[in-house]
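What follows is a short report on a single structure.
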Protein chains: 2
Amino acid sequence: MKKLINKPEDFVRETMEGIIAAYGDKVRLLDNDYRILLSSYGAREGKVGIVTAGGSGHLPVFLGYVGQGLLDGCTVGNVFASPAASKMADMIRACDRGSGVLVLFGNYGGDKMNFELACETVELEDDIKTKMVLVKDDVASAPKEEAQRRRGVAGMVYAFKVAGAKAENGGSLEEVAEAAQHALDNIRTMGAALSSCTVPQVGEPTFSIAEDEIEIGMGIHGEPGLEVRKMMTADEVAETLLGKIMADMPLEAGDEVSVMVNGLGATPLEEQLILYRRVHQLLKERGISIYMPHIGEYATSMEMAGVSLTVMKLDGELKGLLGQVAKSPFYTNYNK
Amino acid sequence: MKKLINKPEDFVRETMEGIIAAYGDKVRLLDNDYRILLSSYGAREGKVGIVTAGGSGHLPVFLGYVGQGLLDGCTVGNVFASPAASKMADMIRACDRGSGVLVLFGNYGGDKMNFELACETVELEDDIKTKMVLVKDDVASAPKEEAQRRRGVAGMVYAFKVAGAKAENGGSLEEVAEAAQHALDNIRTMGAALSSCTVPQVGEPTFSIAEDEIEIGMGIHGEPGLEVRKMMTADEVAETLLGKIMADMPLEAGDEVSVMVNGLGATPLEEQLILYRRVHQLLKERGISIYMPHIGEYATSMEMAGVSLTVMKLDGELKGLLGQVAKSPFYTNYNK
C-alpha cells in the first residue's frame, strides 16, 4: 500500500503541522504540543468545555471537530492508539472556564482508562469538575443485551454537535452531559467494509477482504464484523445496514431522523449518494422523514473502502441542537 | 475493483437521485431530467447565469458547485463523457435571467464541441447571449508554448468561485467572463496519481501503476502524465508539483496565493495535510503567503489515489471575490 507520507513515525506530527499551517487562525496547539489541539473560535465566558481524544487515522474524527459549537479541545495518540492520560489532563485544564468539562469519546479500553485517570487528576489537583459520556453507537460490535460493550464510531459526530450546541446555549455541565447522552441513546451506526486500511508504521494492510466479498459490521480499526458476504449491490447494503439499525432502535411512521452516510476513506461520493438514495426511499416508505442529512467523510479509517450508516432519532430538543450553527475547519453546518 | 453501486448503467441517474433526495430543498432537476441540476438558492433578478457541464465521476465537480455564489446550473454526461448539446442548451435557457449566461468548463473536446453548438442554438432560437471561458489549468497536459491545449482540472473550482462572486455582485456578462478568465490566467494545477479509477460500466481499472511507482502529471481520467517515478515521499511530491507550477507561473516574495490540495478520491485527509504542510513551508521560505487554503476532495476521479495541487495567484480583486460567501450542499466558504 502506497502512502503520500514521509517517515511513518512522523505521520501524526506532520498531519498536525498541516492543520496548524492551514487553519492556525481557527485552532491552535496547547503549549506547542503537537498532540493537543484547542479551538481559537471565541467562546462565551463560563461556557462548559467539551473535549475528546482518541487515536489518529480517522480524520475528520477527532481533530476536525474542534471549533465553534463543537469541541473545545482534542488530543490524539498515534494511529489507532490512545493518547496519554497526562495529555488529556492538560487539555481538560486548558478547556475549563470554571463550569467544568464534558469528556465525550468512543468506548475503547485505552481511551477510557486514560480519560478516567485524567479526570481524577484534574479533580484532585485542580478542582475541575468533569463528566464522562461514552459513545457506543456501533450496533455490530455487541448484541443489544450487551450494548455497554459497544464501540464508538461515526455517530460520535452527532453527539459532538448536540453537546456543542447545548454548551453554546449556556447549559450546565450536567445539562450538556445529559444532552449528549440523550443524543447517544437515539443514535445507532452500522458499517460495511470493502477493503482494509494500512497503519503507516506497519506498512501492510490490517486485514484482507477477498475481491468478491464485503464485510458487514466491521469496526473502524478493522475489528471483525458480523459476517463476510459475497459482494452486494448498494441497495442491498443500504437495506442490510438500515435493517440492523432498525432492529436495534425501532422507528415508526411519523418519526423524524437525521441520517449520516459516512465514507470510510476510499469510497467515492457518488457511491455514498447512491446508498443514501436507497436509505431515503426505505425510510420514506415507512413514513419516516429525514432532517439535515450528512453525506461525506465524517469518520474515516484512512484509505479503507466502505461506508457506515448512522441514524439519529430526533425529538424537538435534538432537532434544535442539531440545527444550530457550528463550524470548524472541517465541518460546517451549511444547512442553516 | 468493488463498487457500492447497483447496475453500472444506473450509476449517474442514481447519484442524481441521491443528490435530490438529500438536498432537494437547495437544488432541483430541470423538467425532471436527471442529467440537469439547477440551483434553488435565491438569485437576484437579472443576475448573470453561470453554468458548466462535463462527464460524471468527479464529485464534487461538477454538480456539487451548483449553489449560491457559484453555479446556477450543471448538466452531466455518463462517467467521463460529455453530455449532449441539447441538454446544455436547455440548461442555458433555464439559467438566463435576461443578462446572459457564462459557460465555464474544462477544455475537453466533446464538452467544447457540444457547448459551442448549444451556445449557437440558444443565441439563434432564444436570443440569449453567452460567453464561453475554458478551464486549462493542468500544467502537465501540454507545455507552456501550447497552453491552449491544456486540460481543465481542479483549478476550475476557483474559477467557479470567482465568477460566481462577480455575478452576485452585479457584474455584466462581459465582466463575469473577464473575472473568470483573469482567475484562470493566474491558476495552475499539477497532479500525481498512485492508483487508477474504475469506470463502472467498464469494471476494470483504466490503467495500472506499479506498487512502487507514482505517476506525475496524470490527468483526472487517467490520461498519461509526464513521467512515472519510483514512489516518492510526500515532501518530494509537494516539491515536484509546486516546482512545475512555479516554473510555469513564477511567484515572488510578497505575492499572495490561495492553495488547493485536492484528494483524487482514495487519499486520506491526513496525507493531504502532510503534503499541504510542505507546500506551506516552501512558499513561506520564498516570502509568499497563503490565503484561504482549500484542502480536501474538490475534484475527484472516483476511487483514484493521488492528489493535485492548485495555486491561484491573488490580486485585490481575486482575493475579494474568493473571500465572498458561497454555499452549496458540497461546498461552503467556511472561512468567512
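Predicted, not measured: the structure shown is a model, and the values here were computed from it. By convention in this document, chain letters (A, B, ...) are assigned in the order of the sequence lines, proteins followed by strands, and residues within each chain are numbered from 1.
- Across M16(B), M304(B), E297(B), the residue that shares the most heavy-atom pairs under 4.5 angstrom with chain A is E297(B).
- Not a single donor-acceptor pair under 3.5 Å links the side chain of E271(A) to the backbone N or O of F11(B).
- Between the OG1 atom in T300(A) and the CD atom in E270(B) there is a gap of 5.5 Å [rounded to 0.5 Å].
- Atoms NZ and CG, from K3(A) and L194(B) in turn, are 11.0 Å apart once rounded to the nearest 0.5 Å.
- With a 4.5 angstrom heavy-atom cutoff, I209(B) touches chain A via backbone and side-chain atoms both.
- For the pair K2(A) (side chain) and A210(B) (backbone), a donor-acceptor distance under 3.5 Å is present.
- Separating the CG atom in L275(A) from the OG1 atom in T15(B) is a distance of 11.5 Å, to the nearest 0.5 Å.
- Counting heavy-atom neighbours within 6.0 Å of E204(B) CD, excluding the residue itself, gives a total of 12 or less.
- Among all heavy-atom pairs drawn from P293(A) and A22(B), the shortest one is CG-O, 3.5 Å.
- Annotation: side chain of L4(A) is in contact with side chain of M231(B) (closest heavy-atom distance under 4.5 Å).
- Proximity to chain A (any heavy atom under 4.5 Å) is shown, for Q272(B), by neither the backbone nor the side chain.
- Annotation: side chain of N6(A) is in contact with side chain of I274(B) (closest heavy-atom distance under 4.5 Å).
- Of the atoms belonging to L59(B), heavy atoms from both backbone and side chain fall under 4.5 Å from chain A.
- Formation of a donor-acceptor pair under 3.5 Å by the E303(B) side chain with backbone atoms of P268(A) is not found in this model.
- Of all the listed residues (G64(B), A234(B), G18(B), G263(B)), the one sharing the greatest number of non-hydrogen pairs under 4.5 Å with chain A is A234(B).
- To the nearest 0.5 Å, atoms OG1 (T233(B)) and CG (D10(A)) are separated by 11.0 Å.
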